[in-house]
Colleague: 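After the C-alpha cells below, expect a handful of questions from me.
These numbers were taken from a predicted model, which means no experiment stands behind them.
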Amino acid sequence: MAKQLEGPILPFLRLDPGIALPKFRQVQDQLRMAILQGHLRAGTRLPASRILAEELGLSRQTLVRVLENLKAEGYLEARQGAGTFVSAALPRRPARARFAQADGGAPPRLSRIGALSRGVSAEIGRVEPKPFLPNQPALDQFPFAIWRKCWNAAARGGRVGMGYGDVAGELVLRQRIAEYLALHRRDPCDPEQIVITPGGHAAFTLAALALADPGDGVWFEDPGPVTTSHLFRTLGLNLCLADVDADGMDVAGAMARHPDARLAFVMPSRHHPLGVTLSLPRRLALLEWARANDSWIIEDDYDSEFRYDGAPLPSIRSIDSHGRVIYAGSFSKALYPGIRIGYLVLPLPLVGTFRNLSGLIHRSVPVEAQLALAEFIGGGHFASHLRRMRGLYGERRGAFIEAGRTALTGLAQIDCSESGLNALVWLTNGREDRAAQRDVLEAGLQCYPLSDYIVATRRPSALILGYAGVPAERMRSYLGRFAEALSRP
C-alpha cells in the first residue's frame, strides 16, 4: 500500500522571492533533491496539485508543469485514479550517503592523484584584493580601450575564433611571442618550439607529466611557491629540497644530496619569494648537471619583465647548448591574472610530445583570447605597456622604500630587490609572521607570511608585500597603518 504523507505538506519546500530563479524551477529543484536525498522515498504519494498550489501560492497550472517535468525525468509516476507518486523504480533506501560531505561518513574512493590533492590547498589565489596584495599588477592602469580594440579586431574574423584551435596554440600568437623574445629578451626561438597553455601552472603540469614518472625527484627551492610544490606532490613527484641564498638555488648542495633527480624547477631571473637571482656559475653548473644526468630544467620566468636597474636578465634557456631547458612564461603579471594564457618554449625533440599531451589534456586555449593577445603584441601595445609599467612600478617601489624606512623603524627591515612586484619585510620585533599577518588583515591590508612558502628550512619571520598595485601617493598612509598593525602586542 502506498505511503501517504502526514503532517505539514512538504515542509522542505521554500520559495525565495529574493533570487532570480523562477518559482516553478525552485519547486522542481527542491522536489528533485528531496527524492535524491531520501526525504521522499519510492512509492510515496504526493499531495494533489491543487493542494500544493494553494500551499505555495502558485497557480495549479504551474504545479502541473513541475510534476510533468519530474515525470519526464523519471522521478515521479502517475497511477490512474490514484494520483502522483515517487517512482517505484527508484531505490527505496535513502540516498543521503551519496551526497555525504567530506567531513561526514567514509571518504570517497579516489585515484592516487585525487587522494594526494585532498591533502593540499589550491586557494592561495582566492584572496581579497586589498593594498599590498603580493603579485598584483596595477590593474587600474591596464589599457582597457586598446585591449577592447584588439579583441574586436580578433572577433571581426567571424567564426575563426569559435572552433577548436591548434593544440599548440594559434600560429600567429606563437609568432608574436617568438618575435618578442628575440627583440626584447635576446632569446630567439622558432614559433614551432612554442606551445600555448592555459597559464603557468598548466605549463608546469605538462612538463611534469611528459618528463617524469611518479616517484621521480624534482629539485625544488626552499622556500618556494606553495601552489607549485602542492602541484608536484599531487602528481606523485618527490620534492628534493634545495636551499636558497644570495646567489639563488644551491646547485652544488642539490647535486650532492639528490644527484639522480629527474627535474629541476628553478626561478633564475627572480626567485619567489626571496627575490634573488641565480648567479652565472650556478646556471652553468645546473646546465651541466642536467646534461650529464639526462635530466630536465623547468625555468619559471614569471615576472622578469619588471627589472628596474638595467635590461631584463637573459634566461637560462638562452645559454643552453644541449637542449635541457623547458622555458615557461605567462602573461598573468605582465597583463592581468585572469587572462590565463601561458606558454612553453621547448627543445625541438620535445615539441611533438608536448603538442599531443596538451591537446589531450586542454584541447586548446580559447582561440579568440589568443588572437586578441596576438593583435595586442603585434601592434606594439604589449612592449609599450611593459615600458610604462616598469616606470610606474619603479616609482611605486621607490615610494615604498622611502616611506617604509621611516614607518617601520624598530619593527621590520625592508628587502626590496631590483625587479618584480613584491618586497620582503623581515620582522625585527620578535613577532611570528602568521600572527603578524592576522593583524595586518584586520587592518584592511594584505600580505603573505614567508612561513607559508617554507617546506623545511628554518628562516627568520618575514611578510611578503606587493607594492606594484598601490599608488605612490597612498604608500605612506598604508605603510603607517601596516606599522600600527605590527605594533600590536
Colleague: Are any side-chain N or O atoms of Thr409 and backbone N or O atoms of Arg405, one a donor and one an acceptor, separated by less than 3.5 Å?
Modeller: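 Indeed, once roles are kept as given, a pair shorter than 3.5 Å links the two residues.
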Colleague: Taking Tyr467 for its side chain and Gly398 for its backbone only, find out whether a donor-acceptor pair lies under 3.5 Å.
Modeller: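 Here the side-chain-to-backbone pair does not exist.
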Colleague: I'd like to know if the side chain of Arg262 and the backbone of Val218 have a donor-acceptor N/O pair within less than 3.5 Å.
Modeller: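 Looks like no, no N/O pair under 3.5 Å.
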Colleague: Has the side chain of Ser364 got a donor or acceptor atom that lies under 3.5 Å from a matching backbone atom of Gly165?
Modeller: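 Yes, because the side chain of Ser364 sits within donor-acceptor range (under 3.5 Å) of the backbone of Gly165.
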Colleague: Taking Asp213's backbone N and O only, do any of them form a donor-acceptor pair with Asp216's side chain (distance below 3.5 Å, no angle check)?
Modeller: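 Yes, Asp216 side chain to Asp213 backbone: donor-acceptor pair under 3.5 Å.
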Colleague: With no hydrogens and no angle check, is any side-chain donor or acceptor of Gln370 less than 3.5 Å from a backbone partner on Glu170?
Modeller: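 Judged by distance alone, yes, a pair lies under 3.5 Å.
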Colleague: Indicate the ring-plane relationship of Phe232 and Phe204, choosing parallel, tilted or perpendicular according to the 30° and 60° boundaries.
Modeller: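 If you compare the ring of Phe232 with that of Phe204, the planes turn out tilted.
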Colleague: Taking NZ, NE, NH1 and NH2 as the nitrogens, is one of them in Arg459 or Asp243 under 4.0 Å from a carboxylate oxygen of the other?
Modeller: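 Yes, charged N to carboxylate O under 4.0 Å.
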Colleague: Would you please say whether a donor-acceptor pair under 3.5 Å links the side chains of Ser269 and Asp301?
Modeller: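 Result is yes, a qualifying pair exists.
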Colleague: For the backbone of Arg317 and the side chain of Glu299, can you confirm whether one donor and one acceptor N or O come within less than 3.5 Å of each other?
Modeller: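 Such a contact is found between Glu299 side chain and Arg317 backbone.
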Colleague: Looking at Trp219 versus Trp296, is the centre-to-centre ring distance below 6.0 Å?
Modeller: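 Here the rings of Trp296 and Trp219 have centres that are no less than 6.0 Å from each other.
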Colleague: Do NZ/NE/NH1/NH2 and the carboxylate oxygens of Glu484 and Arg481 come within less than 4.0 Å?
Modeller: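 Looking at Glu484 and Arg481, the cut-off is not met.
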Colleague: Would you compute the distance between atom CE of Met249 and atom CG of Leu241 and round it to the nearest 0.5 angstrom?
Modeller: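 Taking CE in Met249 and CG in Leu241, the distance rounds to 10.0 Å.
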Colleague: Would you kindly say whether Arg185 and Ser304 are connected by a side-chain donor-acceptor distance under 3.5 Å?
Modeller: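 Checked: Arg185/Ser304 side chains pair up, N/O donor to acceptor below 3.5 Å.
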Colleague: Does a salt bridge link Arg174 with Glu192, judged by any charged N lying under 4.0 Å from a carboxylate O?
Modeller: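 Salt bridge flag = yes for Glu192 with Arg174.
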Colleague: Rounded to the nearest 0.5 Å, what separation is found between the CZ atom of Arg282 and the CD1 atom of Ile316?
Modeller: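 Nearest 0.5 Å value for the CZ-CD1 distance: 12.0 Å.
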Colleague: Would you say the side-chain atoms of Tyr393 and Arg397 include a donor-acceptor pair closer than 3.5 Å?
Modeller: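 Side-chain D/A pair, Tyr393 to Arg397: absent.
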Colleague: With no hydrogens and no angle check, do the side chains of Asn135 and Asn422 hold a donor and an acceptor under 3.5 Å apart?
Modeller: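 The answer is yes; a qualifying pair exists.
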Colleague: Nearest 0.5 Å please: distance from the CD1 atom of Ile414 over to the CH2 atom of Trp426.
Modeller: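 Taking CD1 in Ile414 and CH2 in Trp426, the distance rounds to 13.5 Å.
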Colleague: Would you find a donor on one side and an acceptor on the other, under 3.5 Å apart, between the side chain of Arg324 and the backbone of Leu287?
Modeller: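 Between the backbone of Leu287 and the side chain of Arg324 there is no qualifying donor-acceptor contact (under 3.5 Å).
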Colleague: With distance as the sole criterion, is a donor-acceptor pair present between the side chains of Tyr302 and Arg270 under 3.5 Å?
Modeller: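 Checked: Tyr302/Arg270 side chains pair up, N/O donor to acceptor below 3.5 Å.
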Colleague: For residues His201 and Thr227, is any side-chain donor paired with an opposing acceptor at under 3.5 Å?
Modeller: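 Side chains of His201 and Thr227: pair found under 3.5 Å.
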